[in-house]
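Structure first, then comments.
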Amino acid sequence: MAARIHNFNPGPAALPVSVLEETREALVDFKGSGMSIAEVSHRSVIFEEVINHAVDRVKRLLKMSDDFKVLFLQGGASLQFSMVPMNLIPSGLSADYINTGTWATKAIKEIEILGLPHKVIASSEDRNFCYIPKEYDVSQGAAYLHYTSNNTIKGTQWASTPKAGKIPLVSDMSSDIFCRPFDPAPFGLIYAGAQKNLGPAGVTFVIIREDMLERCPKNIPTMLRYSTHAGKNSLYNTPPCVSIYMVSLVLKWIEETIGGLDAMERRNRQKAELLYNFLDQSDFYKGTADKDSRSLMNVTFRLKSEELEKKFTAEAGKHSLGGLKGHRSVGGCRASLYNAIELESVKALIEFMKDFAMKNG
Ligand SMILES: *Cc1c(COP(=O)(O)O)cnc(C)c1O
């Protein structure tokens, strides 16, 4: 295989090499079928097995009860911003939202467009979303509490699941799903665009608790109802077969190669701590998120000037360190350390950062 770079892209992002290699095989001949995974029928037994095995792995990884359905949808996490309120607010109820950054703001914008009742019960906008709010009062009888578990752009992450009593949680886990174990019990729905931590673009991962399926009003179009997809095992219409196949390989990699979510978390903590510890002792680089709100997945930092940041990302590129530019809306730098990133890549990044600081300090 040609030389691969240390890929710190925010999404689409790095995937395990073993997954790419297995996909390469399957793109020509999938399991001796004489057809590519891109050519088999989504109604065939071999493809149904792909979906079923992926669902089983999710259930095992999260030790999840049969009250939950695992779905593979399209439209990205962005379509979930509207599908969630369309489906999950029974008439007379209102939904709670916590605003922790760009993606949460977009989710709130969609419920505003739909004109559905909601309340933003906490926000960290006062300090440019550099922290996770600690105080929030969940409204009594709320339809759900929506929060973004990891804020990809601002580099913050909920250290633990927010408490909402009996109110079902709805979470956008696009950029940290399966980075660590969590208890699915308090969740009504979880969604994630696959292209950060779970696979390639083109498929949206959803976990929904069965009782949530009954909430949908009558006037929601067929394709936008969770119950349509849940009732057909995500095969109501043609799904993105290749993307789902690759997600199934990533799940297999987490379970069999890494050894499950506890091991995944240990590996992710080791990587993130190495980089944060380096940032903390440096006076050349400065982390942007509050320490107690720091993300394991997206490490955001700044240099002394935008000019220097430009030079930093350009020179990093020449050293096979890619994807370090911050999101265009916030600037600065960002290293995305998703599940597939190896410790060696973080070490290589830190070596480069030391060297760059010495030459430009
Ligand atoms: C990337 C991202 C999205 C948008 O995902 P799409 O699949 O491109 O719609 C939404 N939420 C979070 C937290 C993200 O990181």
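Order of listing sets the numbers, starting from 1, for every ligand and every atom in it.
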Donor-acceptor contact present, side-chain D96 to main-chain S139, <3.5 Å:
yes

Donor-acceptor pair, side chain of K252 and main chain of T257, under 3.5 angstrom:
no

Which residue and atom name correspond to the protein heavy atom nearest [atom], and how close is it?
atom	value
atom 5 (O) of ligand 1	A77 CB, 3.5 Å
atom 15 (O) of ligand 1	T152 OG1, 2.5 Å
atom 11 (N) of ligand 1	D172 OD2, 2.6 Å

N/O separation below 3.5 Å, S78 to ligand 1:
yes

Does any N or O atom in G76 lie less than 3.5 angstrom from one in ligand 1, N or O only?
no

Among T102, D176, T100, which residue meets the side-chain hydrogen bond (donor to acceptor under 3.5 Å, both in side chains) test with N151?
T100

Taking the six-membered ring for Trp, are F352 and H319 parallel (under 30°), tilted (30 to 60°) or perpendicular (over 60°)?
tilted

Aromatic plane relationship, H146 with Y191 - under 30° parallel, 30 to 60° tilted, over 60° perpendicular
tilted

Under 4.0 Å from any heavy atom of [X], which atoms of ligand 1 are there?
X	result
F81	10 (C)
K196	1 (C), 2 (C), 3 (C), 14 (C), 15 (O)
T148	13 (C)

Does ligand 1 have an atom that lies less than 4.0 angstrom from a heavy atom of N150?
yes

With a 4.0 Å cut-off on heavy atoms, does Q195 reach ligand 1?
yes

Results of salt bridge (charged side-chain N to carboxylate O under 4.0 Å, His left out) for R57 - residues two or more places apart only:
E255, E256

As a quick check of understanding, evaluate ring-ring contact (aromatic ring centres under 6.0 Å, His included) for F47 and H42, giving each step before the final call.
CA-CA 6 Å; F47 188 73; H42 60 294; 7.6 Å; no

